[in-house]
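What follows is one structure encoded as structure tokens, with my remarks underneath.
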Amino acid sequence: MRRLVWNELMPKDRCVVRMMRPLSFAELGYVTQLYLPIIGSDSFSLYQLLVHEVQEVSGAAAESTHRNLMLMSGLTLDRLLLARERLEALGLVTVRRRENLQRDYFYEYMVKPPLTPNEFFADYVLSLMLLNKIENIRYQQLRQKYADHLGAALDQEYTITEDVTKDFHEVFQSLKASELEVHRGSEREQFLSEMEKSYPPAPMQAGFEPAVDHPLSLSSLRHYLPDNAKSDKVFSKEGVEVLYRLQHFYQLDSWGLGQELRDWTLYKPNGSLDSEVLRKRLIQRYTDDKLVRIAPSAVPGEEEWGPGQLPQPGSEMFVRVCRQLSPLTLLEKVVGGRVSKVFLERAESLLFNDGMTVEVVNALLLHTLSSMQMELPKAYMETIRDSWKAKRITTVDEAVRQILERADQKAQHAEKTRQTKTGKDTPVRRNGRAVLQDKLPASVEWQLSQEQQREQSDQETPQAKPERVKTIEDDPELKKMLESLRKRQRGV
């Protein structure tokens, strides 16, 4: 079916070109050597044109129209649009479309730098696409061109490293606080405000780092479905939810998940996706180390925890880890590498069979590992799982509250048990065995305690002569009962 390009883009549509940060000569070489075979000459020439549309000195944006881009590049409108989309797919350009009240479109092109050779070759998809285009000999030449033999040798020979870089305040020690003060309403404050308003700088970022981005795209997944699959049933509301959860759990991109969806045995006779079969397949593929995954995004402060050291419940790091990492990534961080099939199935079951949220699953895993000496006993996890489900725990904050309350209860119980054991009288033992003793009746014990108190008071106040009070000796029945108990204690 012929594409109606004029419904998407018109030559009169205006555009403005911006740049994320200045490009170096080496980075333009990366585009030529690594990207050109993949994107083709049309996209390459368009990228070069957009780069040089931006003012080189200031990085300020330049306004143009798509008609001018067509004239400068020699491309028709449909070829121009196709070339731009290839640049978008490889992360070299991002496009925003603005619209005013008169429904006039204004396109904003943000030119981004390419990946470094190390990042490019580390990406599974891009490196294979390049290999398929240029074949083995040229691919080997490029790997040799961008190889760093000296750096690799240093890493192997000099393994102990220390960062001796000085920070800003170590070098500029003579800088005074008064030199950096700008008082409100002062002449300097007005001058700086006027400069910011009159001459706004180009929004470039010196610290911008290009990254590979292959987000999960349902439109691209449709191309991987076999003939016996029906896309409308595969991408139903429930099916899409399962795919997104699997993508997050295993850290897959569209290409990696699409390779798994090619298998015709994953689909039911009516053309819908059998999610149970897909889950079992992904578990086995991970166990066999055949699953193509993307590197998880870094969590700030993640170097503070790892194998043998877990974040404390209630800490900021505990909450951040539970919210940002997938359960599988969390377990890999804890064990320092790939996890066993048992650990994988326990985490996967909590998420897909029990319907718990990702952050609650992470909190449960960390709590179990911390409480059970880095193990995941099934019975213990099921007990905590049932308790949290009954209490409708859906967020990490609620889970942390339950963990802390449980820890307080255990501490109180332990303290109570310790006090109880300390307060108990030591039993009488004969020949290493404890001898059972009969307890005196409550009335006798009370009478004895009263006599002991009177004796103590008599010793403290010997001059006082209290009136005579009846004792056990005065009551024949009580006296006889006391003698009988004493004989029984002596074993008579």
Side-chain angles (χ1 to χ4, degrees), residues 207 209 211-217 240-254 256-257 279 282-283 286 291 293-339 343-372 374-376 380-408:
E209 297 181 359
V212 182
D213 186 17
H214 304 303
L216 187 63
S217 172
V240 170
E241 181 180 356
V242 171
L243 292 176
Y244 270 102
R245 297 178 72 182
L246 287 171
Q247 179 265 341
H248 180 263
F249 183 84
Y250 290 99
Q251 293 294 291
L252 303 172
D253 57 9
S254 295
L257 184 57
R279 286 172 50 198
L282 292 177
I283 291 176
Y286 177 88
L291 199 61
R293 305 167 61 203
I294 58 178
S297 57
V299 178
E302 64 177 0
E303 64 277 357
E304 300 176 2
W305 67 283
Q309 185 177 2
L310 302 179
Q312 294 297 323
S315 63
E316 181 183 356
M317 178 55 61
F318 186 95
V319 176
R320 185 186 304 157
V321 166
C322 291
R323 287 176 175 170
Q324 297 186 13
L325 294 183
S326 74
L328 179 56
T329 304
L330 183 142
L331 290 177
E332 289 177 334
K333 178 70 174 178
V334 170
V335 304
R338 297 178 57 79
V339 301
F343 273 34
L344 173 61
E345 290 178 341
R346 298 274 164 83
E348 200 261 2
S349 177
L350 289 174
L351 185 62
F352 292 96
N353 291 341
D354 301 319
M356 304 179 74
T357 60
V358 173
E359 55 188 76
V360 174
V361 171
N362 287 337
L364 177 55
L365 292 174
L366 288 176
H367 172 59
T368 306
L369 291 169
S370 177
S371 304
M372 306 303 293
M374 293 299 176
E375 295 181 359
L376 295 178
Y380 183 86
M381 292 183 63
E382 289 178 348
T383 302
I384 303 298
R385 176 204 65 190
D386 294 342
S387 175
W388 287 9
K389 290 180 67 175
K391 297 176 182 178
R392 297 182 179 181
I393 304 299
T394 58
T395 64
V396 64
D397 296 328
E398 296 173 345
V400 168
R401 194 177 303 114
Q402 291 295 320
I403 294 173
L404 297 180
E405 289 179 359
R406 182 180 177 86
D408 292 341

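- To the nearest 0.5 angstrom, Lys333 atom NZ is 9.0 Å from Leu325 atom CG.
- Going from atom CG of Leu364 over to atom CD of Glu382 covers 10.5 Å, rounded to the nearest 0.5 Å.
- Arg245 places none of its side-chain heavy atoms less than 4.5 Å from the side chain of Val240.
- Under a 3.5 Å cut-off, the side chain of Glu359 and the backbone N or O of Cys322 do not form any donor-acceptor pair.
- The structure places CH2 of Trp388 at 6.0 Å from NE2 of His367, a figure rounded to the nearest 0.5 Å.
- Across all non-hydrogen atoms, the minimal contact from Leu246 to Leu252 is O-CD1, 4.3 Å.
- Looking only at side-chain heavy atoms (C-beta outward), Glu375 and Leu369 stay at 4.5 Å or farther from each other.
- Side chains of Phe249 and Thr329 form no contact here, defined as non-hydrogen atoms less than 4.5 Å apart.
- Using a 4.0 Å cut-off between a side-chain N of Lys or Arg and a carboxylate O of Asp or Glu, Glu316 and Arg320 qualify as a salt bridge.
- Judged by distance alone, with hydrogens and angles left aside, the side-chain atoms of Gln251 form a donor-acceptor pair with the main-chain N or O of His248 at under 3.5 Å.
- Nearest approach of Ala347 to Val361, heavy atoms of both residues: O-CG1, 4.2 Å.
- At least one side-chain heavy atom of Glu348 sits less than 4.5 Å from a side-chain heavy atom of Tyr250.
- The closest donor-acceptor contact from the side chain of Glu398 to the backbone of Thr394 lies under 3.5 Å.
- The shortest distance between side-chain heavy atoms of Leu351 and Met356 does not fall below 4.5 Å.
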Between Leu365 and Met381, is a side chain to side chain contact (heavy atoms under 4.5 Å, CB included) present by the stated rule, with each step listed? CA-CA 8 Å; Leu365 292 174; Met381 292 183 63; 3.8 Å; yes
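- Not one N or O on the side chain of Thr368 forms a donor-acceptor pair closer than 3.5 Å with the backbone of Leu376.
- Looking only at distances, no side-chain donor or acceptor of Ser370 sits under 3.5 Å from a matching main-chain atom of Leu366.
- Between Ile403 and Ala363, the shortest heavy-atom contact is CD1-O, 4.2 Å.
- Side chain of Ser315 to main chain of Gln312: a donor-acceptor pair is present (N/O by atom type, distance under 3.5 Å, no hydrogens or angles).
- Atom CD of Gln247 sits about 7.5 Å away from atom OH of Tyr244, to the nearest 0.5 Å.
- Within 6.0 Å of CZ on Arg406 lie no more than 12 heavy atoms contributed by other residues, nucleotides or ligands.
- Every residue meeting the side chain to side chain contact (heavy atoms under 4.5 Å, CB included) condition with Glu332, not counting sequence neighbours, appears here in chain and number order: Tyr286, Arg293, Leu328, Val339.
- To the nearest 0.5 angstrom, Lys391 atom NZ is 12.0 Å from Asp386 atom CG.
- At a threshold of 4.5 Å between non-hydrogen side-chain atoms, the residues Phe318 and Val396 count as touching.
- Between Leu282 atom CG and Arg279 atom CZ the span is 10.0 Å, to the nearest 0.5 Å.
- Judged by distance alone, with hydrogens and angles left aside, the side-chain atoms of Arg323 form no donor-acceptor pair with the main-chain N or O of Thr395 at under 3.5 Å.
- Considering only heavy atoms from C-beta on, Thr357 stays 4.5 Å or farther from Ile393 through its side chain.
- Between Pro327 and Val358 there is a side-chain heavy-atom pair separated by less than 4.5 Å.
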